Amino acid sequence: MATETHAVRRETAAPATGRPAMPGLLALAVLLLVLIAAPYVLYPVFVMKVLCFALFACAFNLLIGFAGLLSFGHAAFFGGAAYITAHTVKVWGLPPELGILLGTAFAATLGLAFGALAIRRQGIYFAMITLALSQMVFFMALQLKFTGGEDGIQAVPRGHLFGVIDLSQSMAMYYTVLAVFLFGFAVIWRTVHSPFGQVLKAIRENEPRAISLGYRTDHYKLMAFVLSATLAGLAGGTKAIVFQLATLTDVQWQMSGAVVLMSLLGGIGTLFGPVVGAALVVTLENYLAASNLPVPVVIGVIFVACVLLFRRGIVGEIAARFGGNRP
Amino acid sequence: MASDVILETRGLTKEFRGFVAVRDVSLRVKRGSIHALIGPNGAGKTTVFNLLTKFLQPSNGNILFNGRDITAVKPADVARLGIIRSFQISAVFPNLSVLENVRVGLQRPLGNSFHFWKSESVLDRLNGRAMELLEDVGLAGYAHRPAAELPYGRKRALEIATTLALEPEMLLLDEPMAGMGHEDIDRIAALIKRVSANRTILMVEHNLSVVSNLSDWITVLARGEVLAEGPYAEVSRHPKVREAYMGSGHA
Amino acid sequence: QQGKVSGDVVKIGVLNDRSGLYADLGGEGSVVAVRMAVEEVGGKILGKPIEVIAADHQNKPDIGSNLSREWIDRDGVDVIVDVPNSGVALAVQEVTREKKKIFLMQGPATSRLTGDACSPTGFHWAYDTRALAVGTGQAIVKEGGKSWFFLTADYAFGHQLETDTAAQVKKASGTVVGAVRAPLNTADFSSFLLQAQSSGAQVIGLANAGGDTITSIKQASEFGLTQSGQQKLAGLLIFLSDVHALGLQVAQDLVLTTGFYWDMDDEKRAWSEKYKAKTGKMPTMVQAGSYSSVKHYLKAIEAAGTDDGPTVAAKMKEMPVNDMFAKNGKILPNGRMVHDMYLARVKKPSESKGPWDYYQIIRTIPGDEAFATMAESGCKLPG
Amino acid sequence: MSTIFGIPPQALFGQLLLGLINGSFYALLSLGLAVIFGMLNVINFAHGALYMLGAFVAWLLLTTAGIGYWWALLLAPLVVGAFGVLLEKTLLSRLYKLDHLYGLLLTFGLALIVEGAFRHFYGVSGQPYPIPDLLRGGQNLGFMFLPNYRGWVVVASLVVCLATWYAIERTKLGAYLRAATENPVLVQAFGINVPLMITATYGFGVALAGLAGVLAAPIYQVSPLMGSNLIIVVFAVVVIGGMGSILGAVLTGYGLGLLEGLTKVFYPEASNIVVFVIMAVVLLIKPAGLFGRER
Amino acid sequence: MPDGATVKTAMLEVSDLQAFYGESHVLHGVNLEVRQGEVVTLLGRNGAGKTTTMRSIMGIVGKRTGSIRFQGQELIGMAPHRIPRLGIGYVPEERGIFASLNVEENLTLPPVVKDGGMTVQQIYELFPNLQGRGSTQGTRLSGGEQQMLAIARILRTGATMILLDEPTEGLAPVIIEQIGVAVRKLKQRGFTVLLVEQNFRFAATIADRHYMMEEGRVMDMIPNNQLAANMEKLHTYLGV
Ligand SMILES: Nc1ncnc2c1ncn2[C@@H]1O[C@H](COP(=O)(O)OP(=O)(O)OP(=O)(O)O)[C@@H](O)[C@H]1O
Ligand SMILES: Nc1ncnc2c1ncn2[C@@H]1O[C@H](COP(=O)(O)OP(=O)(O)OP(=O)(O)O)[C@@H](O)[C@H]1O
Ligand SMILES: [Mg+2]
Ligand SMILES: [Mg+2]
């Protein structure tokens with residue numbers, strides 16, 4: 001017993017046993033229905049924004065929630081991909097699907113490079129290293145020619161998906177984004193509940209032990225990092241097409257902070273948490289923009305409140321309250 | 001006969017900033033034996049373990065496993081060659097269930113551990129073997145509890161089950177009995193005896209009754225050097241060993 | 001559509017930075033200025049009420065574009081005002097172009113807004129990079145500052161400002177002896193200033209903005225760059241609020257170009273005092289411009305009898321701009337409002353009679369010189 | 001040789017000196033971060049905001065109460081330290097049992113609040129703060145004009161850094177602090193009032209940031225954003241130095257200041273990233289940082 | 001408690017002690033007494049609550065109720081850092097050697113609370129392994145050396161009552177002997193010792209009395225000289 005007492009137990013990490021259970025599938029069905037109906041009730045561009053950020057947050061959460069690695073530099077992948085997509089679509093004239101693909105590939109490559117460096121350290125160091133590396137991307141985005149400095153890349157044409165579907169139609173765009181989101185979400189779901197996900201959890205729990213069993217843990221962590229970066233890139237590239245722009249906002253460290261907030265608010269280590277968190281944060285940002293309240297202060301207060309009062313996040317709290325099996 | 005020796009070290013030395021913790025240790029572990037490493041505190045036993053499993057890099061000397069030089073191999077790869085260790089401080093995956101703990105061990109040789117696109121249900125076919133292993137260590141009743149909830153002794157048992165899951169050719173056990181009650185000690189000792197049937201075991205242990213009952217061969221370390229070697233009866237008569245380690249109580 | 005007011009209300013949305021780097025030069029002050037314009041027409045036009053709403057775009061283009069889209073689609077906003085930060089303005093320009101709504105730009109600097117990114121319903125009012133370059137570049141050479149060294153913020157905006165100004169300097173037969181590129185948000189400019197100093201140039205042009213400008217001016221004073229009298233600092237983008245923040249002790253003798261200064265004639269003074277009574281500050285050119293542009297916009301609605309975007313835009317371009325901000329200002333087809341610009345020198349503490357008495361106007365730059373012609377602008381709209 | 005890589009040596013010395021001055025700020029800030037991290041295991045993301053607070057307190061003292069620089073140098077760190085004590089007592093202290101990442105997140109939120117509040121009330125263009133009369137003017141060193149004030153900054157920061165290092169690495173109190181970091185419960189069981197010590201440590205680390213803020217006020221504009229840009233560089237400094245040692249934080253701070261200064265001469269475009277590039281290289285060669293202890 | 005012949009004064013009296021870790025209730029009314037100059041052991045299986053009893057005395061468990069009196073003073077409700085200053089030294093089960101301190105710093109860390117503690121020289125005589133290792137990082141010592149260091153640093157403080165939690169765990173027989181010698185010496189010098197042990201044989205060589213714990217309760221008390229007569233009980237409590 002004694003040896004166990006000062007091993008810090010991550011609060012968020014509850015036993016995630018078994019495969020997607022009934023409540024999870026139910027939640028998924030509800031989510032799907034809501035998302036299909038959403039553009040008829042809500043402002044479609046707004047819902048698209050939510051979806052892009054939800055995917056981004058889910059990708060981020062894959063890393064912290066299931067590999068125990070807090071990245072404070074995910075904006076680099078999100079924003080980096082947005083720039084590449086915007087540039088290839090606008091300047092090279094690629095169709096949107098190819099642009100997004102290239103953006104995603106870029107994020108994956110960047111993820112490989114950053115990951116290889118960052119996984120050399122753990123915990124807080126990891127967070128700081130990712131933060132610093134993403135700052136590099138920020139400065140590059142600021143100084144390189146093709147990124148357009150402070151102006152960013154504007155007026156990116158939405159174009160025709162596969163040459164047929166006209167994305168300038170709001171609904172066509174919406175369902176495309178929804179498809180991208182669902183694809184990304186499915187990948188994450190599958191990853192979490194896969195043999196790979198199982199090893200990842202083991203590493204998060206006790207890394208030296210995993211090594212002694214013969215797992216090259218660095219490879220797994222790197223793989224998780226690259227997966228997460230890739231999906232963040234997918235979100236960023238899609239966002240560039242939706243908003244028809246890619247700007248410094250996407251690569252700023254505040255963006256990395258925002259995605260942390262989304263996951264934290266919704267529930268780190270839960271599958272649906274980041275979706276809920278993203279929806280809340282995006283709504284809040286929209287609402288605050290029109291109010292007289294200082295935005296950073298409000299966001300900061302929520303941050304503090306989450307950390308102090310509901311660390312498990314909204315979905316995490318609900319899951320904890322209504323029976324053990326988390327979605 | 002060379003094939004008789006599964007693990008061999010030659011002139012193994014480890015120096016920490018001027019302090020020599022292990023000096024010129026040459027071990028020969030026979031295949032299929034239970035080999036104990038004993039010695040006073042600070043003799044360098046854990047350090048030797050760490051060197052063998054490459055958690056530490058030797059300052060000097062070579063390590064040969066099955067005749068192959070593994071001195072430059074990485075820890076995870078040492079494990080892949082078939083040398084699995086347990087830790088002096090119990091090492092389980094606290095928030096995984098007991099069954100899952102064992103499956104983490106069983107899963108590795110499958111080679112699907114990077115398959116993030118497959119369902120984890122592919123792991124279900126491991127459940128049968130996992131339960132067998134749990135049965136072996138007396139943990140079948142705990143299969144679906146999180147490992148964190150197990151009492152200390154059971155955790156050690158779980159650790160051994162996970163280790164055995166890998167069918168290691170060679171097991172390194174660092175003080176497997178430390179902190180255990182008497183019943184647990186007997187249970188684990190019996191288990192070790194049982195699993196030793198077709199594999200080699202190298203263990204560090206202070207509990208001399210366990211050592212004397214289990215081990216075929218004993219190496220005594222003191223101040224980083226090999227002081228004596230041989231079967232228990234012989235070693236325990238060695239005056240230097242009595243002086244440096246056993247004391248007057250174990251005549 | 002013709003002859004009526006959409007949604008029975010004329011809705012003016014002031015979209016700007018209310019908490020960030022540009023909050024002081026626009027921010028709430030722009031909203032106050034717009035309200036003053038609305039009050040002057042009695043809060044009603046064509047018998048319909050005028051409503052003013054405001055929001056913070058936080059200098060994020062996506063928030064800006066999203067907000068303006070929502071404003072227009074859902075809240076029936078007819079005109080968007082201010083939008084500092086060229087990046088956000090370019091994004092909003094895309095939205096207003098698509099939705100055919102009027103966009104009255106004050107805060108953003110880049111002349112691209114009336115160049116390759118021009119829109120039939122977009123109006124650029126108070127100043128732009130080209131006017132700043134002409135004002136500071138040409139006018140200073142004419143005042144005797146022949147050789148230049150640039151301290152440039154290392155991103156698109158800074159580069160553009162440097163290139164434009166350097167071109168103007170050369171046009172007036174001055175020389176550029178060198179330039180150094182400082183990264184954005186540099187905390188310490190002393191290295192760069194030292195390089196500028198040792199270049200021996202007569203004028204050090206600060207091709208940067210916001211915090212960078214302020215810090216570089218402050219540190220130039222610390223290192224005694226201008227005290228020797230041999231070198232002059234020229235700010236390429238400086239607002240009254242910046243000078244106020246720096247204080248005269250530090251900012252003295254800085255040369256800059258502005259589109260408006262409160263203490264130039266009675267009309268400006270009267271309006272500015274009224275503004276100051278509401279905000280406690282004197283207006284910047286952005287805030288005064290917000291007033292002027294909305295005033296003109298309302299006049300155009302009155303004249304056109306509708307608030308339909310393209311119709312009003314056409315009307316605005318027909319009418320000369322005559323108010324306290326500009327005399328006989330005219331609007332080019334690309335939306336550029338052409339008016340006089342002024343070269344100013346910041347007073348020494350001893351010259352200043354009190355708070356806000358900061359500038360001495362040393363030269364008036366006629367609008368036609370300051371701003372690009374339609375042909376030069378590169379705008380593809382029908383002239 | 002009249003030039004070094006095309007730069008006259010005189011100018012180079014000048015630039016090196018300037019680098020040292022920046023390094024002084026890096027050192028002071030990374031020292032405070034290292035102290036807090038060392039003792040509380042919290043990455044104080046609010047460090048930049050508290051640095052800003054220090055500068056603002058000095059400015060407020062001057063504008064509202066007419067209290068000048070020298071008093072501010074004493075009072076502002078006290079005020080910031082007291083604020084830190086308050087934060088620690090009411091918020092941070094609830095997180096010690098959890099993963100350290102929560103401390104990072106909490107202080108991140110705090111930084112947003114403090115900075116946002118100051119932005120809201122004082123705008124962002126910043127407020128001027130005069131150089132104290134005593135330190136006006138400068139010395140002509142032949143190769144450059146060194147403002148007296150900058151010379152003072154270097155001296156002051158050196159003294160503070162050395163004193164702090166000594167107190168932590170060489171005194172009994174320091175040993176308590178280090179031990180309490182690892183196992184506060186046990187240190188308490190030895191009869192030491194650990195909660196008090198932790199609070200005091202946070203207060204002290206934060207006061208160092210406040211002090212840096214006051215020192216910075218006359219050089220930079222007193223602005224709500226002055227800290228947020230600096231803090232990420234300081235994080236990188238800390239990663240490069242390795243968190244294990246106080247001395248490491250200080251030396252790396254000065255060293256990187258110098259390197260950054262050189263970059264500004266040879267390749268100014270890269271001066272913003274040079275720190276991060278160095279960080280990447282250091283991590284590749286020595287993952288624990290230059291002075292860090294492995295594990 | 002026992003035969004009324006309380007020659008020596010009770011130094012530590014624990015009555016109806018209940019202790020909790022968060023929501024789990026671990027001690028259910030522990031009663032025991034340690035007299036001045038005695039060596040008393042707590043025996044029991046893993047998880048019986050021995051460590052928790054010690055931690056309760058030191059005031060470092062989540063919540064506790066009942067009464068713990070040390071030389072007449074009530075400890076429940078007292079700030080944890082004041083308890084050791086009364087003269088109680090604690091050697092934790094997990095040893096608690098500090099990695100960021102070297103051996104010497106570890107040794108001199110606990111403040112001296114009373115006169116009469118051992119000098120560093122005396123300590124080195126007792127534990128020769130520690131000699132010359134002063135500048136080694138504390139946790140780089142071997143497990144056994146760390147145990148010695150953990151005991152040694154308490155001996156310096158002059159605490160008159162020492163709580164030793166499983167001091168022999170993981171130690172070589174020679175060292176165990178040495179520790180036995182050390183404890184006996186402490187006893188001679190008038191120290192009072194409360195000892196938690198798994199190693200019953202060792203306990204029998206040094207203790208005056210033994211308390212048997214099971215599931216958070218004290219079940220029985222056996223004086224050392226009556227051990228032989230009580231072997232059966234021991235079997236049921238400890239499975240020896
Ligand atoms: N930090 C903790 N949180 C929750 N329960 C705990 C904690 N520490 C101990 N326990 C539980 O309290 C009970 C008593 O533990 P304690 O450590 O006092 O036993 P012990 O008699 O010292 O056993 P051992 O011989 O294993 O050291 C056990 O059931 C244990 O699981
Ligand atoms: N990383 C290190 N740096 C310096 N010295 C070390 C390090 N690791 C171990 N040592 C020293 O090496 C010696 C051997 O330690 P080791 O842990 O191998 O002993 P051991 O035989 O396992 O003892 P025990 O039975 O007490 O566990 C000890 O004196 C220890 O202090
Ligand atoms: Mg050992
Ligand atoms: Mg115990």
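In the text below, chain A, chain B and the rest are named by the order of the sequence lines, each starting its count at 1. Just so it is clear, the structure is predicted and the values come from calculations on it, not from any experiment.
Contact tally against chain E (heavy-atom pairs below 4.5 Å) for D:Pro195, D:Ala179, D:Ala175: the top residue is D:Ala179. With chain D as the partner, the residue from E:Pro111, E:Gly59, E:Gly89, E:Gly96 showing the most heavy-atom pairs under 4.5 Å is E:Pro111.
Using a 4.0 Å cut-off between a side-chain N of Lys or Arg and a carboxylate O of Asp or Glu, E:Asp208 and E:Lys187 qualify as a salt bridge. A salt bridge between D:Arg178 and E:Glu105 is present, with a side-chain N of the basic residue lying under 4.0 Å from a carboxylate O of the acidic one.
A donor-acceptor contact closer than 3.5 angstrom links the side chains of E:Glu74 and E:Ser67. Using modelled atom types and a 3.5 Å distance limit, the side chains of E:Thr65 and E:Gln18 yield no donor-acceptor pair.
In this structure the side chain of E:Gln137 never reaches within 4.5 angstrom of the side chain of E:Asn102, judged on heavy atoms.
Proximity to chain D (any heavy atom under 4.5 Å) is restricted, for E:Ile97, to the backbone atoms N, CA, C and O. Heavy atoms of E:Leu86 lying under 4.5 Å from chain D are absent altogether. No part of E:Ile83 comes within reach of chain D, as not one of its non-hydrogen atoms sits under 4.5 angstrom from that chain. Looking at D:Leu186, only its side chain comes within 4.5 Å of chain E, counting heavy atoms on both sides. Both the backbone and the side chain of E:Thr108 come within contact range of chain D, each with at least one heavy atom under 4.5 Å from a heavy atom of that chain. With a 4.5 Å cut-off on non-hydrogen atoms, E:Pro92 touches chain D through its side chain but not through its backbone.
In summary, the aromatic rings of D:Phe45 and D:Phe235 are positioned with their centroids under 6.0 Å apart.
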